[in-house]
Student: 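Here it is, the structure in full.
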Amino acid sequence: MVLLTPLAANADTADSPRTAAPAAKTTPAEPTQDPGDDSPQEFQTLPEPAPAPERSNCGEQHLKELREAGQKRAVCVEWGAPQETAKKQTARPKSGAKSAGSAFWCANENMGKTYVTRTSICSRRSMTILLVDTITGKTWGKARGYTEQEIDTKNNSVEFDEHFKFHLTDSDLTSSVMTVKAEAICSLDDSCKQRGPWADKPQPITVGQSVEGHWSRSWNGNKGRKTFMLQYDIIVNIASSFGDLSWGGHLEPGGGTYKVRCDNSVTKNAGCIVPSFTPTLVVPKKHKEARAFIAVAQGSMSTHPGLEGVGKPLHREASEKIATANRNVICDKTYKAASSTPKPTCDEFPFARSKESGRRFGVKSGNECQWYWVHEQTVNGKKGRMLMWDGMLEAKLPPAKAKCARASMPSNQNTGVGGELGKKTSEWRLLNNDAYWVDAGLKKK
């Protein structure tokens with residue numbers, strides 16, 4: 001639900017390039033806006049996909065193969081939640097502080113999920129290790145532990161690193177020596193250089209201990225873009241038997257959770273980001289009138305473009321030619337600046353630099369869009385501005401069915417928001433069709 005009420009206005013001095021609105025006896029309240037600090041969500045949570053069934057090494061077919069090969073015991077590694085680590089833990093402070101003694105920023109988050117920012121992937125997954133009789137199927141022993149991994153990228157560098165840890169929580173295999181080894185594949189071709197390895201040989205481990213280390217990676221390319229779907233395999237040895245569990249890459253439904261994208265298409269320097277994170281463009285409060293324009297348009301349009309929680313995100317339009325065509329339709333000859341707008345320019349939402357521009361949805365002229373204007377007046381020697389639209393003084397919102405909105409907007413407000421979008425496009429390395437939200441302070445419920 002979107003909470004939205006019209007902005008306040010002075011009926012005596014409001015003017016419109018269209019029909020002037022009649023005076024109202026009461027003054028409507030301002031739009032209900034979020035009183036927060038305008039900070040976007042710090043991280044997003046991805047569901048952890050289950051591994052593909054055919055990768056399980058605990059199935060009857062695998063036990064049969066081992067049995068026919070003369071092996072009496074099998075080590076089976078499965079995803080599973082040790083009771084003591086599956087409990088919900090205290091949420092990480094918004095400041096980003098890590099829990100004591102942990103190198104992973106998601107150490108205070110729940111197991112079984114992946115947490116992402118635009119430049120980081122952090123995951124925690126619990127694991128069960130079984131020693132199984134291949135003839136009877138009886139379980140001779142069980143061990144439980146968990147993996148933690150954090151991938152960090154830089155938006156101005158082709159290098160990205162990963163810290164990986166396996167911790168053994170408990171085991172009743174006290175008479176058997178256990179070793180673990182983790183392997184990773186960065187790319188199936190030579191486009192990714194991976195240094196390490198994390199462990200070049202199996203590492204012995206006992207209850208309460210951890211084995212951890214680093215991978216350093218880099219994109220070898222210098223043109224276009226490349227997406228790396230990182231793939232992992234953990235190998236567990238118990239006595240003379242071993243088993244493994246693979247995840248990531250193309251093995252998981254949905255095409256891989258541990259995904260990093262590198263490119264040199266956005267800025268002069270190449271860089272890498274996490275494409276599964278959808279960033280949020282926070283319209284600065286200093287651009288008050290443009291911010292209000294976007295907020296009212298988002299709240300009143302039935303599609304709520306770019307408004308997280310009720311609408312769909314906007315998507316970058318990288319083509320200057322298409323963006324210009326979008327702008328020429330919305331800001332066509334039917335646009336007439338309001339006389340009360342200082343240094344007026346034609347502003348539009350959704351942005352011309354988005355796939356959601358009204359032109360892309362069949363709008364032939366900006367006259368079909370919602371219409372707004374910024375009104376400036378002087379009261380007691382002080383200048384003041386407010387956003388207005390036809391019907392506002394009767395507490396009516398602009399047409400909900402409209403596919404676009406345009407406004408007579410002061411130049412510095414228009415270019416200010418455009419500049420912020422351009423800056424974030426570079427920072428987030430937004431490529432053509434990349435998604436992003438727009439936060440203009442509208443309260444969502």
Side-chain angles (χ1 to χ4, degrees), residues 1-2 4 6 16-19 21 31 278-281 283 289-338 341 344-374 387-392 396-409 413-415 417-418 420-422 424-425 430-440 442 444:
M1 178 181 179
V2 180
L4 178 66
S16 169
R18 296 184 179 178
T19 305
T278 302
T280 299
L281 173 68
V283 182
E289 290 80 37
R291 179 179 163 97
F293 164 53
I294 293 173
V296 179
Q298 285 183 314
S300 59
M301 291 173 67
S302 60
T303 55
H304 309 298
L307 184 59
E308 186 173 6
V310 291
K312 295 181 179 180
L314 303 187
H315 297 80
R316 186 196 175 202
E317 176 53 72
S319 169
E320 180 63 41
K321 181 179 179 180
I322 293 177
T324 299
N326 292 341
R327 190 175 298 109
N328 288 342
V329 167
I330 304 304
C331 294
D332 60 2
K333 62 182 180 181
T334 64
Y335 163 76
K336 290 180 174 57
T341 303
T345 58
C346 178
D347 198 3
E348 61 184 292
F349 189 80
F351 308 122
R353 277 285 192 180
S354 74
K355 300 290 186 181
E356 288 68 30
S357 169
R359 171 179 170 268
R360 305 297 295 273
F361 288 90
V363 173
K364 302 300 183 183
S365 168
N367 199 42
E368 302 172 37
C369 302
Q370 294 181 346
W371 169 244
Y372 303 80
W373 69 97
V374 173
L387 181 74
M388 304 192 72
W389 61 88
D390 293 333
M392 188 189 87
K396 295 179 180 179
L397 291 173
K401 293 183 179 180
K403 299 177 181 179
C404 51
R406 74 176 179 183
S408 176
M409 182 68 58
Q413 294 282 306
N414 193 348
T415 59
V417 175
E420 186 70 15
L421 177 59
K424 291 301 183 181
T425 295
L430 290 178
L431 298 181
N432 188 52
N433 208 40
D434 272 2
Y436 62 94
W437 300 104
V438 180
D439 179 3
L442 191 64
K444 302 172 284 295

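None of these values were measured; they are calculated from a predicted model.
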Student: Has D439 got a side-chain atom pairing as donor or acceptor with L281's backbone, closer than 3.5 angstrom?
Tutor: no

Student: Are any side-chain N or O atoms of S408 and backbone N or O atoms of A338, one a donor and one an acceptor, separated by less than 3.5 Å?
Tutor: yes

Student: Not counting sequence neighbours, which residues clear side chain to side chain donor-acceptor pair (under 3.5 Å) with K403? List them please.
Tutor: none

Student: Taking the side chain from Q413 and the backbone from E289, do they hold a donor-acceptor pair closer than 3.5 Å?
Tutor: yes

Student: Taking the side chain from S300 and the backbone from A400, do they hold a donor-acceptor pair closer than 3.5 Å?
Tutor: no

Student: So, the side chain of S319 versus the backbone of I322: is there a donor-acceptor pair under 3.5 Å, distance only?
Tutor: yes

Student: Tell me whether R406 is salt-bridged to D332, with the criterion being a basic N under 4.0 Å from an acidic carboxylate O.
Tutor: yes

Student: Between T425 and L430 (side chain of the first, backbone of the second, donor and acceptor by atom type, cut-off under 3.5 Å), is there such a pair?
Tutor: no

Student: For the pair R359 (side chain) and R327 (backbone), establish whether a donor and an acceptor sit closer than 3.5 Å, ignoring hydrogens and angles.
Tutor: no

Student: Taking side chain to side chain donor-acceptor pair (under 3.5 Å) as the definition, give me every residue that meets it alongside R360, ordered by chain and number, with sequence neighbours left out.
Tutor: E317

Student: Check whether N414 reaches the backbone of C346 with its side chain - one donor and one acceptor, N or O, closer than 3.5 Å.
Tutor: yes

Student: With rounding to the nearest 0.5 Å, note down the distance linking CG in N367 to SG in C404.
Tutor: 9.5 Å

Student: Is the side chain of Q298 donor-acceptor paired with the backbone N or O of A295 at a distance under 3.5 Å, no angle test?
Tutor: no

Student: Nearest 0.5 Å please: distance from the CG atom of L307 over to the NZ atom of K312.
Tutor: 14.0 Å

